[in-house]
Every structure is written in C-alpha cells, then in structure tokens.
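One structure is given here, and the rest of the page talks about it.
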Amino acid sequence: MAFDTILPVPYDAGGGLIRPAHYHMMVTAAGYQTLVTQLYFSGDENIKKDPWASNDAAKNRVLEISPDGRNGNIVTYHVGLSKKLNVEEASLEKLTGMYTSENGDDSLELFQKEGRLWQKNEVFGIVYDYLGNNTFEFPGLHDGSYQRLIFQNGILKQEMFQPGSEVKSRSFTKIS
C-alpha cells in the first residue's frame, strides 16, 4: 500500500505544547486486529518535548524522510497486523487483583503471566485472549459459546453464553 500526500507541519496544541508533524493512521484488514498509530518524522525538534512522540514506544515510528528524485520525498513505514492483540504489561497490571461481586457473595482474582490475563482457579488459572475494546475471552469454548471479561468504567463484567440460552452476566468491583 502506498499513498501520496503532503508533509504535515507542527502545530500548537495549547498549554505551551507544540506537537511535532505527524500523521494519524488506521489500518484494517479482515481477520486482523486494527492498527491505530501516529507516525512522526526525523529531524523535527518538537519530538523531544512531546510526551507521545518522545516515549520509547514511539521510537520505531519516527521515520526518515528521503528525496524521491522527482522534487518530492519518500517516507516508508512497514505495517504488520496481528490476528491477536497483545496487551501492554502496564495495562495488565492495572487489571490484576481481587474483585468482589456487586452483592458481595462471590469474588475472583486476576493475575498476569507471560503477558496474558489469567483468572485464578483451584488448580492454577484460566487464560484469556485480548479481543480489543477492553474485552478478554476464554479461547477454549466451541459452537458459539463464550466466556468474556469486559472492563467498563471501573466495573468488571463477566459474561457467559451457550447457544440456546441467554447471556449470563455478573458484575465485579476491584477491591485490591
């Protein structure tokens, strides 16, 4: 995929912050996680003062500008899409801990291992895959059944579904 455009310019974002020149990009493909990112350009002095462009996660998104030999420039960014989306460790840390049900009669514990979210059980735990949009799903169910953990506004909602029955849902609040 390639496209022609003009090179953006830095702009005043208010509060003394000058955002470096950048593009917002969203790439989608059926069967893959959507990539949403910002791309920056080397040589922009505003990068080092910008909290989004200067962090370690952005260093591979600061791109070199090369002349194309026809009065323009070329910028290359290699896109890779995943079928599954990995969750950053810092985000997982915010989700792990003890949760209690809204009526206080049940609890569950979430922990992380090898970059994945787990729910503790009597043996060890069950692992969840990240689906995106603050939703995790147990990958071992078949025939349209699912078990999901959905994080919304400080509440953990656990949903379970089997074909032929209604969705069962329980809500939990984090206590530690």
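- A pairwise comparison of heavy atoms in Gly14 and Asp12 identifies N-OD1, 2.7 Å as the closest pair.
- For Arg170, the side chain to side chain donor-acceptor pair (under 3.5 Å) partners at least two apart in sequence or on another chain are Asp106, Gln158.
- What you find for Asn55 and Trp52 is that their closest heavy atoms are ND2-O, 3.3 Å.
- The line from CE of Met160 to NZ of Lys168 is 7.5 Å long, rounded to the nearest 0.5 Å.
- Here the closest heavy-atom approach between residue Ala29 and residue Leu81 is recorded as CB-CD1, 3.7 Å.
- Residues Pro163 and Ser145 are in side-chain contact: their nearest non-hydrogen atoms beyond the backbone lie under 4.5 Å apart.
- Annotation: side chain of Ser91 is not in contact with side chain of Lys94 (no heavy-atom distance under 4.5 Å).
- Considering only residues two or more places apart in sequence or on other chains, Ile6 meets the side chain to side chain contact (heavy atoms under 4.5 Å, CB included) condition with none of them.
- The line from CG of Leu63 to CZ of Arg61 is 9.5 Å long, rounded to the nearest 0.5 Å.
- The side chain to side chain contact (heavy atoms under 4.5 Å, CB included) check on Asn71 picks up nothing, with sequence neighbours excluded.
- For Ile47 against Ala53, the heavy-atom pair with the smallest separation is CG2-O, 3.7 Å.
- The shortest distance between side-chain heavy atoms of Leu156 and Ile150 does not fall below 4.5 Å.
- Scanning both residues, Pro10 and Ile18, for their nearest heavy atoms gives CB-CG2, 4.0 Å.
- Listed by chain and number, the residues in a side chain to side chain contact (heavy atoms under 4.5 Å, CB included) with Glu89 are Glu93, Gln112 (sequence neighbours excluded).
- Under the ring pair (Phe, Tyr, Trp, His ring centres under 6.0 Å) criterion, Tyr99 pairs with no residue at all, not counting sequence neighbours.
- Side-chain contact between Asn121 and Ile126 is present, with heavy atoms from C-beta onward closer than 4.5 Å.
- Side-chain atoms of Leu149 and Thr135, non-hydrogen and from C-beta on, never get closer than 4.5 Å to each other.
- Listed by chain and residue number, Asp50 satisfy the salt bridge (charged side-chain N to carboxylate O under 4.0 Å, His left out) test with Arg19 (two or more places apart in sequence, or in another chain).
- Residues passing the ring pair (Phe, Tyr, Trp, His ring centres under 6.0 Å) test with Phe172, sequence neighbours excluded: none.
- Looking only at side-chain heavy atoms (C-beta outward), Leu17 and Pro51 come within less than 4.5 Å of each other.
- Applying the ring pair (Phe, Tyr, Trp, His ring centres under 6.0 Å) test to Tyr77 and every residue at least two apart in sequence or in another chain returns nothing.
- Counting heavy-atom neighbours within 6.0 Å of Gln162 CD, excluding the residue itself, gives a total of 12 or less.
- Judged purely by distance below 3.5 Å, without hydrogens or angles, the side chains of Gln119 and Tyr128 pair a donor atom with an acceptor atom.
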I'd like a table of donor-acceptor pairs (distance under 3.5 Å, sequence neighbours excluded) in which one partner is a side-chain atom from residues 137-144, with atom names and distances.
| residue | atom | partner | partner atom | Å |
| --- | --- | --- | --- | --- |
| Glu137 | OE2 | Arg148 | NE | 2.6 |
| Glu137 | OE2 | Arg148 | NH2 | 3.0 |

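- Inter-residue side-chain proximity for Lys59 and Tyr40 is flagged as unmet; no heavy-atom pair is nearer than 4.5 Å.
- By the side chain to side chain donor-acceptor pair (under 3.5 Å) test, Asn73 is found to be paired with no residue, residues two or more places apart in sequence or in another chain being considered.
- Residues passing the salt bridge (charged side-chain N to carboxylate O under 4.0 Å, His left out) test with Lys157, sequence neighbours excluded: Glu159.
- Across every non-hydrogen atom of Ser176 and Lys174, the tightest pair is O-CE, 3.2 Å.
- Ring pair Trp118/Phe124 is perpendicular by interplanar angle, where above 60° counts as perpendicular and below 30° as parallel.
- Atom CG of Asp44 is separated from atom NZ of Lys49 by 9.0 Å, given to the nearest 0.5 angstrom.
- Classified by interplanar angle (parallel below 30°, tilted 30° to 60°, perpendicular above 60°), the ring pair Phe136/Phe151 is perpendicular.
- With sequence neighbours left out, Ile74 forms a side chain to side chain contact (heavy atoms under 4.5 Å, CB included) with Asp68, Thr76.
- Here the CZ-CG distance, from Phe111 to Leu92, works out to 11.5 Å after rounding to the nearest 0.5 Å.
- Here OG of Ser171 is found 10.0 Å from CG of Asn103. Values are rounded to the nearest 0.5 Å.
- Here Ser107 contributes atom OG and Ile175 contributes atom CD1; the two are 6.5 Å apart, rounded to the nearest 0.5 Å.
- Contact check for Leu117 versus Val87: no side-chain heavy atoms found under the 4.5 Å cut-off.
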